[in-house]
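Here's the structure we're looking at; comments come further down.
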Amino acid sequence: MSLEHSGGENADSDLYRIRHSLAHVMAQAVLDMRPGSTLGFGPPIADGFYYDFVLSEALNEDDFPEIERRMRRILKQGQRFYREELGADEALARIDEMGEPYKREYAQELLSREDLDGLSFYRNGSFLDMCEGPHVDTTRDIPRDAFKLRSVAGAYWRGDSDNVMMTRIYAWAFDTREALDAHVTAFELAQERDHKKLGRELDIFHLDELVGRGLPLWLPNGAVLREELEKLAKELEFRAGYERVATPHLARADLYRKSGHLPYYADDMFPMMELREAGDDGEAVKEAYVLRPMNCPHHHSIFAARPRSYRELPLRLAEYGHVYRFEESGAVSGLLRVRGMCMNDAHIYCTEEQIRSEFKGVMQMYAEAYAAFGLSDYRVRLSRWDPEDGKRREKYVDNPEAWEYCEGIVAEVLDDMEVDYVDGPGEAAFYGPKIDILCRTVTGREEQLGTVQLDFAQPGRLGLVYVGADGAEHTPYCIHRAPLSTHERMAAFLIEHFGGAFPTWLAPVQVRVITVSDQFDEYGHAVVDRLRRRFVRAEIAARSDTVSKKIREGTTRKIPNLLIIGEREQADGTVTLRRYGIRRQQTLPLDEFEAWIAEQIASRALP
RNA sequence: GCCGGAAUAGCUCAGUUGGCAGAGCACCGCAUUCGUAAUGCGGUUGUCCGGAGUUCGAGUCUCCGUUCCGGCACCA
């Protein structure tokens, strides 16, 4: 059994043994219910375990109570775990007896790969598994009330889509019932922050079957988020010496042929638009266009539009560019994976000497942007090519020296800046290594947010050159970067990160005025007018509801600042401020509030 | 794309063996003019995801498709 999934637990720990043993117990229960099923892997994971099966008859979540019942019965029986070590031939014979084709495949691989003399097996009750262990002594050592089956899912044998699709049953497992309950409660609480749920409740985006899968409609509140993100990016990029460009969402297919994208990525693009013309021998394609899946060829075309001098470098071309990718149907999800998106893109054309400082500049931009969100829970990955991976080898530009050189530069930058990072072999772009910023969604899935990529291939392929100080032509390097990812993915993360309670600078509605009765609406409107004149997104709750009702409504909409206005406030020219999540409120002169909120917004203060 | 599940009002959901499509919230109207998380009364709201089939009769059963959810694979 694979021990790759240590689940954050030491393999010798009690919890690891419990989870690992429960996987066997669950497999025993499932095999009892579905005789003739065969086994894949069944490792412990971060919050429990799973086991993969090729089932003789499908199972679904309705079967969970029965599986759990059988598991508890096994635990009660106190089945002892027996370890047995067999020599290579004996082991294979044993697996054949078991009738486990996938276990046999893996056993053979282990025996050939790892110079092992034999393999170990564990038996408990009627269940026998090829497994390295360790396990508990008896099933009585496993708490009966600290596990819970979670979901049933499909998973390819050994993670390869060319292999059989197995059925994976996930379960939570802990060492006490309290730990399990705490985990389940935390999980359910996290579901409340799901960007799909909050996106609907807070009127941020809408998905319409008729518009198309993966093509979100941004509602007024969502459009504000986009604008604020774009404002932030433009400020950071302006200060860092970027120039803005604007380019069309589509291009002639020839552009993508020349860039080399088309032959390799046609399947991931929307189908080509072909303009046909009648001729002598029927219709012929006159022109073909593609919806662009990336902005680079457009920006490269701007670079190539006229002769470039080394004096212009580094040339930094920035654009929030719309791109369209035909993501596979099963991949599309909320705002996280979409088919039409708007990317915080830029391409930096530079000399070899400038690579390091430009890369550093982009890394600093990340740090500044993420600090503005208070986003600190992310991992940095150095994404390299993997020349060993035969299946993927063809997707990389074949130039081992360039790979080695560029990966060296990127690693050097990270080391120089003392950034902690994880290694990501096989995660590179086809044209070069990259640094990716990975964040976790509320459901625990890790996704790539920002990226910086060092491209040693495309400029040459497209014939981009600049004239150097020596009067000769040179090929520039290109850095592709998207620190703020796409609006879609960034918004998804920020919605979950803030649980929908955005800081004032980012909030769709920054201030809502609540009048105690409509006698004070006139003053309320005056307050709103003054705030709006300073570009504060303020509105008035002008309904004849009770104050309680309006406060409840403002709070459930997670509006950061509620202003209560009644007789006292009107008489004194003050407002009473009730901030989101803070029960204590304060009354202050309107002037003072105006200055305060302007400062909150300008400084992008966090709550 | 693959495995499993789901789709009923704007939202959350109920709908029995196939027999008149419902509730709460939201929305609209009227009354209320209110000081800190739901004022009262009344009303509107439907391609029961789409198409085909079975049936005297389909929200309910069957088939095909679409979309969504949980995963896997993919993510230039």
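What you see below is based on every heavy atom in this structure, not just the backbone, and it leaves out hydrogens, waters and symmetry mates. Chain identifiers are assigned alphabetically (A, B, ...) following the order of the sequence lines, protein sequences preceding nucleic acid strands; residue numbering begins at 1 within each chain.
For the ring pair (Phe, Tyr, Trp, His ring centres under 6.0 Å) criterion with A:Phe41, the lone passing option out of A:Tyr106, A:Phe53, A:Tyr156 is A:Tyr106. Looking at A:Tyr349, A:Tyr431, A:Tyr256 one by one, the single match for ring pair (Phe, Tyr, Trp, His ring centres under 6.0 Å) with A:His300 turns out to be A:Tyr349.
Rounded to whole Å, the C1' atom of B:C20 lies 13 Å from the corresponding atom of B:G15. Remark: the separation of the C1' atoms in B:U17 and B:C11 is 32 Å, to the nearest Å.
Counting any heavy atom pair closer than 4.0 Å across all strands shown, A:Ser548 reaches sugar-phosphate atoms only and no base atom. Base engagement by A:Arg325 is indicated by at least one non-hydrogen atom pair under 4.0 Å involving a base atom. Among the protein residues, A:Ala155 comes within range of the sugar-phosphate backbone only, with heavy atoms under 4.0 Å from sugar or phosphate atoms but none that close to a base. Residue contacts shown for A:Glu567 include a base, since a base heavy atom lies under 4.0 Å away. At a threshold of 4.0 angstrom between heavy atoms, the contacts of A:Glu328 include nucleobase atoms, whether or not backbone atoms are also involved. At a threshold of 4.0 angstrom between heavy atoms, the contacts of A:Glu201 with the nucleic acid are absent. Nucleic acid contact for A:Gly159: sugar-phosphate only, since backbone atoms but no base atoms lie under 4.0 Å from a heavy atom of the residue. Within the nucleic acid shown, A:Asp518 comes within 4.0 Å of at least one base atom, counting heavy atoms only. Using a 4.0 Å heavy-atom criterion, one finds that A:Ala429 contacts the sugar-phosphate atoms exclusively. Backbone-only engagement by A:Arg543 is indicated by non-hydrogen atom pairs under 4.0 Å involving sugar-phosphate atoms exclusively.
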Subject >> From CA spacing to verdict: side chain to side chain contact (heavy atoms under 4.5 Å, CB included), A:Phe270, A:Arg325 >> reply: CA-CA 6 Å; A:Phe270 275 87; A:Arg325 297 177 183 179; over 6 Å; no
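Within the shown strands, B:A6 is the pairing partner of B:U67 under the Watson-Crick or G-U definition, both distances less than 3.5 Å. Base pairing annotation: B:A38 forms no Watson-Crick or G-U wobble pair, as no partner gives both donor-acceptor distances under 3.5 Å. Pairing of B:G1, defined by two Watson-Crick or G-U wobble distances under 3.5 Å, is identified with B:C72. When both distances must be under 3.5 Å, the Watson-Crick or G-U wobble mate of B:C13 is B:G22.
Taking atom CD of residue A:Glu427 and atom P of nucleotide B:A73, one finds them 11 Å apart after rounding to whole Å. Spacing between atom CZ of A:Arg200 and atom C1' of B:C25 amounts to 14 Å, rounded to whole angstrom units. Atom CZ of A:Arg337 is separated from atom C1' of B:G70 by 16 Å (rounded to the nearest Å). Going from atom CE of A:Met294 over to atom C1' of B:A76 covers 4 Å, rounded to whole Å. For the pair A:Ile169 CD1 and B:G5 P, the interatomic distance rounds to 13 Å; values are reported in whole Å. Rounded to an integer number of Å, the gap from NZ of A:Lys549 to P of B:C27 is 7 Å. Here the P atom of nucleotide B:C3 and the CD atom of A:Glu57 are 17 Å apart, to the nearest Å.
A residue-by-residue look at A:Arg578 and A:Met269 shows that A:Arg578 has its nearest nucleotide of RNA chain B further toward the 5' end. Between A:Glu569 and A:Thr167, the residue whose closest nucleotide on RNA chain B is further toward the 5' end is A:Thr167.
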Pairs under 3.5 angstrom, nitrogen or oxygen only, protein versus nucleotides 63-68 of chain B, please.
{"from": "B:U66", "atom 1": "O2'", "to": "A:Glu209", "atom 2": "OE2", "distance (Å)": "2.9"}
{"from": "B:C68", "atom 1": "OP2", "to": "A:Arg213", "atom 2": "NE", "distance (Å)": "2.3"}
{"from": "B:C68", "atom 1": "OP2", "to": "A:Arg213", "atom 2": "NH2", "distance (Å)": "3.0"}

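In the interface, the side chain of A:Tyr156 is not paired with the base of B:G71 through any donor and acceptor atom under 3.5 Å apart.
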